[in-house]
Amino acid sequence: MMSAHRFGHRSAALYPYLEQEVDTPRGPGVLLQVLAGEAHVLLYRTREKEHGIGSRTVRFRPVTSFPAAEVRPANEARRRSA
């Protein structure tokens, strides 16, 4: 909550969880970016997409955007059991 007060918007409360596991309505993932009112999460269960670039294939999982209010720090018990 200190971050939210310091930066002037409620979604800033997610700043301490950047690059950490979070829960979203579509499942767990890693919090990559927080903007005013929006959070970008790399979900664990998204399908990888392949794109040919020159002579090589690059695989990536798309980042999903959520309203910041729908992103929560991961459950501590689940984190410890992983």
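Computed from a predicted model, the values in this text were never measured in an experiment.
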Engineer: With rounding to the nearest 0.5 Å, note down the distance linking CZ in Phe66 to CG in Leu43.
Structural biologist: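 Reported to 0.5 Å precision, the distance equals 4.5 Å.
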Engineer: On a heavy-atom basis, which atom in Arg26 and which in Thr64 lie closest, and how many Å separate them?
Structural biologist: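 So the minimum-distance heavy-atom pair works out to NH1-CG2, 3.4 Å.
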Engineer: Between Leu14 and Val71, which heavy-atom pair has the shortest distance, and what is it?
Structural biologist: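 For Leu14 versus Val71, the nearest heavy atoms are CD2-O, 3.6 Å.
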Engineer: Quick check: do Glu21 and Tyr44 have side-chain heavy atoms less than 4.5 Å from each other?
Structural biologist: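 In contact.
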Engineer: Could you pull out every donor-acceptor pair under 3.5 Å between side chains of residues 27-35 and any protein atom, sequence neighbours left out?
Structural biologist:
residue, atom, partner, partner atom, Å
Gln33, OE1, His40, ND1, 3.2

Engineer: Restricting to non-hydrogen atoms, name the atom on Gly37 and the atom on Ser11 that form the minimum distance, rounded to 0.1 Å.
Structural biologist: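 Heavy atoms of Gly37 and Ser11 come nearest at N-OG, 3.0 Å.
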